[in-house]
Amino acid sequence: MQLIPSILVTGGAGYIGSHTAVSLAKAGFRVVLLDNYSNSDVKAVHGVRSLINADVPFYEVDCRDKDALIDVFRTEQEMGHEIKGVIHFAALKSVGESVENPSLYEDNNIVGTERLLEVMREFDVENLVFSSSCTVYGEPEVVPVDENAPFLEAESPYGFTKQACEKLIVDHLKPNPEFNAVILRYFNPIGAHPSATIGESPNGVPNNLIPYLCQSVAGIRGALQVFGTDYPTPDGSCIRDYLHVMDLAEAHVSALEYLFKDKLRGKDTGWRAYNLGTGKGASVLEVIEAFEKVTGRSVPYSIAERREGDVVAIWANASRAKDELGWEAKRSLEEALNDSWKWQKKRPDSQ
Ligand code: NAD
Ligand code: WQD
């Protein structure tokens, strides 16, 4: 019997995948990374290897390439490391790009997930953790939002792919009763590994708040634009639930352990969705203030127009993850911002 389960991490060179790989290895899992490097590069893989202090296997494969996926599962099997579970991060995630090129997003994210499910079935791999997003809720009517909130019409083709993949997974379960899936709906991950060995490396001008803010403070970008201070929130700026990427990484360990304890087996559905957030909202202006306080650096910013499509206020009710997975976010907003800044300072483009 295999004592250390091998876990395939698709999108393992990406931001959340690389941090999760480190947490999985620390928890005793054997990690196998897969990525097509469409939004990442080999540096993250080196970072993971140095943090784990082991030669983690890496496959440069596109999830839409079924033959290549089969090769990965077969190669690992032939080496005596049968894959026992998959964490599926691999996806394109830029909301703006998805509006410009919806078919790319449908192809990459939905077809990639379909092929992965097919290959998992061929190799009898029964455990899946899937990266979903709070974007599936759209603009929620009630906050904090819990997992029973309805999926509203997707605000972007990217959001649609997350809703569609969740449905694909649920449909896949019907003819495959042995299959078990945990769907994790992330709120806004930020921060980096505290060693600053790995972190978030967006290509080009960042769309997301924290990478832009850090690059602005580092002098790589112009002043941060605060997209709207006339919203119906206490200070007028939008509210989000920012959680440390290491907390998020650890949630994946809890989810896998839950699956391996057969918690879902025999239940009606075989799947369960969990919100992952801190349960606390912070406004854009509060984030700026917290960053300045913890780093001692001032953030150059100006007030700008609202950004089209922005949700006004959303934060998580994450009590289901606490009650059932035994996970809750432990790190503060300040700690996450400080780790983002430490990572920014270490990046070559921050010189
Ligand atoms: P990321 O872009 O850093 O990582 C995704 C990785 O997947 C990249 O390394 C990319 O090269 C790879 N990839 C993309 N398409 C692929 C394909 N077809 N085959 C193989 N590899 C492929 O993004 P991230 O922030 O780490 O996000 C990971 C997952 O979490 C994604 O599914 C994303 O939609 C989801 N998510 C992210 C956030 C966020 O704010 N970062 C929030 C909610 C959900
Ligand atoms: C946060 C807040 C902006 C940039 C996105 C995706 C969502 C999910 C998480 C994957 C908002 C404001 C931002 C800037 C600003 N990802 N902002 N100036 O919009 O919550 O969600 O990431 O699933 O699908 O849409 O994150 O970081 O872009 O914005 O004022 O330059 O910061 O208006 O209020 P968002 P974000």
Side-chain angles (χ1 to χ4, degrees), residues 10-17 34-41 60-66 68-69 86-120 128-141 145 147 149-172 181 183-189 200-212 225 227-228 238 240 271 273 275-276 304-312 314:
T10 77
Y15 174 43
I16 309 170
L34 177 159
D35 206 294
N36 67 356
Y37 287 143
S38 57
N39 194 38
S40 52
D41 61 47
E60 187 172 346
V61 161
D62 190 304
C63 289
R64 291 165 292 181
D65 184 343
K66 190 169 174 183
L69 276 182
V86 176
I87 307 187
H88 183 38
F89 293 101
L92 294 172
K93 63 161 181 179
S94 162
V95 172
E97 186 186 49
S98 79
V99 173
E100 280 159 31
N101 197 347
S103 52
L104 170 68
Y105 273 64
E106 283 171 23
D107 183 46
N108 191 78
N109 295 1
I110 302 176
V111 176
T113 302
E114 267 170 347
R115 301 266 153 82
L116 177 68
L117 289 169
E118 286 163 17
V119 177
M120 285 178 73
L128 174 72
V129 178
F130 176 69
S131 294
S132 189
S133 166
C134 64
T135 194
V136 297
Y137 300 121
E139 174 87 62
E141 276 161 24
V145 66
E147 293 84 352
F151 283 12
L152 301 179
E153 193 180 338
E155 308 248 344
S156 69
Y158 164 73
F160 171 76
T161 68
K162 289 292 163 193
Q163 294 177 338
C165 287
E166 286 203 19
K167 182 160 189 321
L168 261 182
I169 290 164
V170 173
D171 289 347
H172 180 81
I183 290 172
L184 299 177
R185 297 181 184 146
Y186 317 151
F187 281 65
N188 289 55
E200 187 173 11
S201 304
N203 288 330
V205 182
N207 294 310
N208 295 114
L209 177 63
I210 306 306
Y212 193 98
Q225 293 188 298
F227 295 140
C238 292
R240 297 287 184 276
W271 70 280
N275 284 344
L276 297 179
E305 294 292 303
R306 292 179 176 195
R307 181 172 69 177
E308 207 187 315
D310 259 337
V311 167
V312 180
I314 184 166

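Contact detail for Val61 and Ala68: the closest heavy-atom pair is CG1-CB, 3.8 Å. When all heavy atoms of Asn203 and Ser38 are compared, the pair lying nearest together is ND2-O, 4.2 Å. Shown here for Pro211 and Pro206, the closest heavy-atom pair between the two residues is CB-CB, 3.7 Å. The minimum heavy-atom distance linking Tyr37 with Ala13 is given by the pair CE2-CB, 3.8 Å. Between Tyr158 and Ser94, the shortest heavy-atom distance links the atoms CB-O, 4.5 Å. Residues Asn275 and Glu147 approach most closely at N-OE2, 2.8 Å, considering heavy atoms.
Under a 4.0 Å N-O distance rule, the pair Arg307/Glu155 does not qualify as a salt bridge. Salt-bridge check for Glu166 with Arg185: passed, with a basic side-chain N closer than 4.0 Å to an acidic carboxylate O. Using a 4.0 Å cut-off between a side-chain N of Lys or Arg and a carboxylate O of Asp or Glu, Asp171 and Lys167 qualify as a salt bridge.
Using modelled atom types, no side-chain atom of Arg115 and backbone atom of Lys66 make a donor-acceptor pair closer than 3.5 Å.
Using modelled atom types, one finds no donor on one side chain facing an acceptor on the other under 3.5 Å when comparing His88 with Ser131.
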Fill in: Residues Tyr105, Glu97; criterion side-chain hydrogen bond (donor to acceptor under 3.5 Å, both in side chains); working and verdict
CA-CA 9 Å; Tyr105 273 64; Glu97 186 186 49; 2.4 Å; yes
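None of Leu184, Leu168, Thr113 except one satisfies the side chain to side chain contact (heavy atoms under 4.5 Å, CB included) rule with Phe130; the exception is Thr113.
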